[in-house]
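Down below is the structure, laid out as structure tokens.
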Amino acid sequence: MSVPPWMEIRAPVQEALAAGSPVAALESTVIAHGLPHPHNIELALDMERILRGYGVTPATVGVLDGRVCIGLTPAEIEHLATAPGIRKLSRRDMAIAIAQGLDGATTVAGTLLLAHLAGIRVFCTGGIGGVHRSHPHDVSGDLPALAETPMIVVCAGAKAILDLPATREWLETHAVPVLGYDTDEFPAFFTPRSGLPVDSVVYSAEEVVRIALRHWETGLRSAVLVVVPPPAEEALDPVVAEEAVAQALAEAEERRVHGWELTPFVLDQLVEITAGASLRANLALLRRNAHVAAQIAKQISRGRT
Ligand code: PSU
Ligand code: MN
């Protein structure tokens with residue numbers, strides 16, 4: 001596989017890919033813009049530890065001085081977690097960041113683009129972006145990236161701050177199968193249920209991989225979304241969650257926050273409004289997703305199912 005000159009696949013990831021050993025990609029926007037310091041660094045390193053515990057090589061993706069790095073080092077993760085002015089890189093921003101030598105953290109969309117280019121097939125995140133409430137024209141770049149990238153993406157659904165029915169419809173239209181991992185409902189990120197259906201319930205990594213391989217054999221190039229509910233002990237009460245989201249969105253409206261800043265702003269507000277409960281839920285679901293993604297990465301590396 002030929003790798004572009006601006007991409008560095010770091011040695012552990014390169015070796016694992018060459019040997020056919022399991023690899024899972026992790027994004028860095030959640031580190032730079034999604035979680036407060038120092039939880040962001042702790043969580044990023046913890047997700048890597050969870051993957052390694054299963055024998056899976058973590059590939060945290062980010063851009064440093066215009067170099068695309070697949071498999072950031074802990075020092076580089078710390079840089080993205082603490083330095084001011086780290087860009088949030090979706091697909092449209094990538095060429096600019098590379099050509100202009102910028103530092104940036106990759107969103108779900110940005111990570112999908114780069115991890116696929118590196119030959120990775122499993123990606124673990126918290127919640128995907130989607131259609132924003134009352135701004136139906138603000139559609140996250142995550143959705144078209146999911147429609148166009150053959151990758152198994154493990155998440156807790158779409159962030160509850162979004163229009164979940166519209167987001168769910170979008171995935172359906174663009175041929176992204178939604179597999180509920182031991183659940184029959186699309187999770188609402190902070191809470192296990194949204195009232196929206198999944199396309200199928202699956203109970204094992206083996207089932208996920210079998211479906212994903214058949215999906216791509218049909219010629220489709222879209223992602224397969226595996227949705228995992230947040231752990232019950234840390235999940236928010238649905239009424240509390242909805243009230244907090246409404247309050248956070250009203251605050252964003254009042255301060256006229258929009259575009260790429262909206263999601264981080266609202267997540268930040270939620271931590272304050274819920275006195276840290278939304279943060280605990282976010283951290284817990286990210287860890288759980290890493291456990292599920294690790295098993296899927298192991299299974300896909302075993303070859304044909
Ligand atoms: N999930 C989280 N926290 C986050 C995000 C997802 O638990 O911070 C990030 C992801 O990187 C996702 C991005 O791609 O938010 C979506 O941003 P936007 O709505 O601007 O596309
Ligand atoms: Mn957006």
Side-chain angles (χ1 to χ4, degrees), residues 25-37 39-40 43-44 46-47 60-63 80-81 86-94 104-115 123-147 149 151 153-164 166-167 170-171 187-191 223 225 227-231 234-236 241 245 248-249 252 257-271 274 277-290 293:
L26 298 166
E27 59 147 313
S28 47
T29 289
V30 65
I31 306 172
H33 306 104
L35 296 168
H37 183 270
H39 300 281
N40 53 357
L43 185 279
D46 210 30
M47 286 182 80
T60 303
V61 174
V63 180
L80 289 183
I86 300 292
R87 310 285 180 112
K88 178 174 158 185
L89 305 178
S90 187
R91 294 195 302 180
R92 69 165 188 278
D93 311 297
M94 214 53 76
T106 53
T107 64
V108 168
T111 309
L112 276 168
L113 177 73
L114 300 173
F123 166 34
C124 177
T125 184
I128 59 166
V131 182
H132 281 281
R133 294 192 199 179
S134 63
H135 294 277
H137 299 294
D138 183 354
V139 175
S140 174
D142 292 356
L143 291 182
L146 287 164
T149 317
M151 180 87 67
V153 179
V154 179
C155 66
K159 281 173 300 256
I161 62 173
L162 301 164
D163 181 336
L164 292 183
T167 302
W170 206 101
L171 294 167
F189 194 67
F190 297 119
T191 59
L225 200 66
V227 295
V228 185
E234 318 279 352
L236 295 187
V245 166
L249 288 174
V257 182
H258 42 72
W260 72 267
E261 290 174 305
L262 182 61
T263 299
F265 176 85
V266 173
L267 289 174
D268 212 49
Q269 288 288 309
L270 284 174
V271 176
T274 64
S278 73
L279 174 61
R280 287 191 291 280
N282 202 343
L283 295 170
L285 69 86
L286 280 158
R287 290 194 174 96
R288 170 176 274 186
N289 292 353

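Both counts, for ligands and for their atoms, begin at 1 and track the order of listing. Every value quoted in this text rests on a predicted model; they were computed, and no experiment measured them.
- Using a 4.0 Å cut-off to heavy atoms of K88, the atoms of ligand 1 that qualify are 17 (O), 18 (P), 20 (O).
- Against a heavy-atom cut-off of under 4.0 Å, L267 is close to the following atoms of ligand 1: 3 (N), 4 (C), 8 (O).
- The N/O atoms of T263, backbone and side chain alike, include one that comes under 3.5 Å of an N/O atom in ligand 1.
- Within the 4.0 Å heavy-atom cutoff, H33 does not count among the residues contacting ligand 1.
- Not a single donor-acceptor pair under 3.5 Å links the side chain of H135 to the backbone N or O of G259.
- Atoms CZ and CG, on F189 and L270 in that order, are 9.5 Å from each other to the nearest 0.5 Å.
- Not one N or O on the side chain of R91 forms a donor-acceptor pair closer than 3.5 Å with the backbone of G110.
- With atom 8 (O) of ligand 1 as the reference point, the heavy atom nearest to it among G34, A109, A158 is part of G34.
- Across all their heavy atoms, L89 and G104 have their closest contact at CD1-CA, 3.6 Å.
- Set against the non-hydrogen atoms of T107, the atoms of ligand 1 under 4.0 Å away are 11 (O), 14 (O).
- Side-chain contact between K159 and V266: absent, with no pair of heavy atoms (C-beta onward) separated by less than 4.5 Å.
- For ligand 1, the polar-atom distance check finds an N/O of G127 within less than 3.5 Å of one of the ligand's N/O atoms.
- Of all atoms in ligand 1, numbered sequentially from 1 with element shown, those under 4.0 Å from a heavy atom of H132 are 19 (O).
- Ligand-side atoms of ligand 1 in range of F189: 2 (C), 7 (O), range being under 4.0 angstrom from any heavy atom.
- When the heavy-atom distances from atom 21 (O) of ligand 1 to S140, G129, A105 are ranked, the shortest goes to S140.
- If you look at D142 next to ligand 1, the close heavy atoms, those under 4.0 Å, all belong to the side chain.
- Of the heavy atoms in V108, both backbone and side-chain atoms come closer than 4.0 Å to ligand 1.
- Of the heavy atoms in N282, only side-chain atoms (C-beta onward) come closer than 4.0 Å to ligand 1.
- When the shell of 6.0 Å around CZ of R87 is examined, it contains 12 or fewer heavy atoms from other residues, nucleotides or ligands.
- In L262, neither the side chain nor the backbone holds a heavy atom less than 4.0 Å from any atom of ligand 1.
- T29 places a side-chain N or O within donor-acceptor distance of the main-chain N or O of T106, the cut-off being under 3.5 Å.
- Considering backbone and side-chain N/O of T106, none are found under 3.5 Å from N/O of ligand 1.
- The proximity of K159 to ligand 1, defined as any non-hydrogen pair under 4.0 Å, is limited to the side chain.
- Residues V228 and V154 have side chains in contact (heavy-atom distance under 4.5 Å, counting atoms from C-beta outward).
- Heavy-atom contacts of E27 reach the following atoms of ligand 1: 6 (C), 10 (C), 11 (O) (cutoff under 4.0 Å).
- Remark: side-chain polar atoms of D142 are paired, donor with acceptor, to backbone N or O of A109 under 3.5 angstrom.
- In this structure, the side chains of H33 and N40 stay at 4.5 Å or more apart for every pair of heavy atoms.
- In this structure, L35 and L286 have side chains that are in contact, with non-hydrogen atoms separated by less than 4.5 Å.
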